[in-house]
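The figures here come from the full heavy-atom set of this structure, side chains too, leaving out hydrogens, waters and symmetry mates. Chain letters run A, B, ... following the sequence lines, proteins first and then strands; every chain starts at 1.
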Number of protein chains: 2
Amino acid sequence: MKRAITSDAAAHERVIAIGALAARTGVKVETIRYYEQVGLLPAPERSEGNQRRYGRRHLERLAFIRHARDLGFPVETLRGLLALADRPDMPCDEAHRIAARQLADVRRKIAHLRALEAELDRIAQSCLGGAPVRDCAVIEALAKEQRADSVPLGKRDAGSAC
Amino acid sequence: MKRAITSDAAAHERVIAIGALAARTGVKVETIRYYEQVGLLPAPERSEGNQRRYGRRHLERLAFIRHARDLGFPVETLRGLLALADRPDMPCDEAHRIAARQLADVRRKIAHLRALEAELDRIAQSCLGGAPVRDCAVIEALAKEQRADSVPLGKRDAGSAC
DNA sequence: CTTGAACCTCTAGTCACTAGAGGTCGTATC
DNA sequence: GATACGACCTCTAGTGACTAGAGGTTCAAG
């Protein structure tokens with residue numbers, strides 16, 4: 001009787017545990033639980049012993065999530081995308097806008113990184129190594145007064161977010 | 001007598017408060033305190049009323065830190081760079097290596113972002129908007145099976161770190 | 001002496017996970 | 001049916017590099 005909770009839903013559909021879902025999608029077990037926690041992936045049925053049991057729908061949704069994350073869509077944006085995917089009759093202008101915004105964001109980051117690349121390249125080229133630190137071009141470049149065009153620290157995300 | 005703690009050190013050097021240091025370097029007040037907390041910026045003298053008082057050395061060091069962060073050096077790496085800058089007699093090979101590594105890292109990120117850009121561009125181009133979501137190329141692209149060449153989620157940092 | 005901006009400490013929040021402790025479940029084998 | 005053991009569970013805390021806020025104190029101008 002207790003087992004019926006699962007088997008009712010699973011009678012005509014293969015159900016898998018979280019580890020198998022992780023293996024099939026390439027998303028870590030912990031991350032799957034995290035997605036459930038933040039509401040990206042609906043909570044699945046549980047086994048008699050309280051273990052998660054996933055079906056084909058979960059597999060598809062998680063693959064969708066992973067692909068979108070791979071493309072750099074932030075989780076918040078993903079929420080909107082998933083909501084759209086669930087309403088097949090709505091026009092897709094919004095989806096198009098979201099993708100275009102993401103593309104613009106990626107391009108902005110590329111531009112920023114290319115500027116960094118140029119400066120780092122210049123610095124690295126002018127230091128051949130071997131000189132004492134006091135004359136090192138790398139250290140000197142960093143110690144120099146800031147350029148006027150540099151972005152204020154608060155608005156910048158060069159290190160971790162390009 | 002108490003004031004002597006500061007004025008001894010400040011007698012022949014202009015000292016400034018944290019707000020002025022922030023204004024001069026473009027680093028936020030909170031961030032300066034954070035840098036002190038994590039040991040990037042040495043703890044300065046304090047006024048009689050326990051407020052931080054900075055001198056020229058702090059100004060220079062903070063400018064150095066900021067410039068390095070602008071170039072995307074992670075804080076941990078910055079620690080090494082600062083240690084090097086403090087020993088002017090050592091050869092600068094290490095500084096050169098650090099800069100070269102950072103350059104390689106930036107180039108790796110650029111390459112990754114350019115791949116994302118290409119795919120997003122392809123997706124966005126094939127969706128003109130106006131069609132119902134069921135036929136939307138954006139949604140379809142995300143729902144599709146993952147490509148075999150995609151990086152596992154755990155190793156990837158597309159979203160926040162390019 | 002009063003005002004109010006600037007300063008102080010401490011805690012918690014950000015993003016998208018990741019890691020670990022400490023315990024339970026499922027199943028294959030004996 | 002007992003046992004072993006990997007997979008699973010929840011909960012909490014940590015990551016990087018800050019950022020924001022509460023609640024209180026100090027400084028300097030008028």
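Atom CZ of B:Arg56 has 12 or fewer neighbouring heavy atoms from other residues, nucleotides or ligands inside a 6.0 Å radius. In A:Arg114, the CZ atom is not crowded: 12 or fewer heavy atoms of neighbouring residues, nucleotides or ligands sit closer than 6.0 Å.
Ion pairing between B:Glu36 and B:Arg33 fails under the 4.0 Å rule for side-chain N and carboxylate O. A salt bridge does not link A:Asp105 to A:Arg101: none of the charged nitrogens lies less than 4.0 Å from a carboxylate oxygen. Remark: A:Arg97 engages A:Glu94 in a salt bridge, criterion side-chain N to carboxylate O under 4.0 Å.
Distance from the side chain of A:Arg69 is smallest for C:dC17 among the nucleotides D:dT10, C:dC17, D:dC8. Among the nucleotides C:dA16, C:dA19, C:dC7, the one closest to any side-chain atom of B:Ile18 is C:dC7. Side chain of B:Tyr35, nearest nucleotide from C:dA16, D:dC18, C:dT9: D:dC18.
In this structure, the CD atom of A:Glu76 is 11 Å from the C1' atom of C:dA16, given to the nearest Å. Going from atom CD of B:Glu36 over to atom P of D:dA17 covers 18 Å, rounded to whole Å. In this structure, the OH atom of A:Tyr54 is 13 Å from the C1' atom of D:dA7, given to the nearest Å. Spacing between atom CD1 of B:Ile16 and atom P of D:dC27 amounts to 16 Å, rounded to whole angstrom units. Atom-to-atom, CD of B:Glu30 to P of D:dA22 comes out at 14 Å; the value is rounded to the nearest Å. With rounding to whole Å, B:Ile65 atom CD1 is found 10 Å from D:dC18 atom P. Separating the CG atom of B:Leu21 from the P atom of C:dC8 is a distance of 11 Å, rounded to the nearest angstrom. Nucleotide D:dC8 holds its P atom 8 Å from the CZ atom of A:Arg53, rounded to whole Å.
In this model, the phosphate group of C:dA16 is not approached by any side-chain N or O of A:Arg66 to a distance below 4.0 Å at OP1 or OP2. Between D:dT10 and A:Arg33, no contact under 4.0 Å exists linking OP1 or OP2 to a side-chain N or O. Under 4.0 angstrom from either OP1 or OP2 of D:dC8 there lies no side-chain N or O belonging to A:Ser47. Residue B:Arg52 places none of its side-chain N or O atoms closer than 4.0 Å to OP1 or OP2 of D:dT26. When the side-chain nitrogen and oxygen atoms of A:Lys28 are compared with OP1 and OP2 of C:dA19, one or more of them lie within a distance under 4.0 Å. Applying the 4.0 Å criterion to OP1 and OP2 of D:dA17, one finds that B:Thr31 has every side-chain N and O outside that range.
Residue-to-nucleotide proximity on DNA chain D shows that, of B:Val75 and A:Gln51, the 5′-proximal contact is made by A:Gln51. Positionally, the nearest nucleotide of DNA chain C for B:Ala17 lies more toward the 5' end than for the other of B:Gln37 and B:Ala17.
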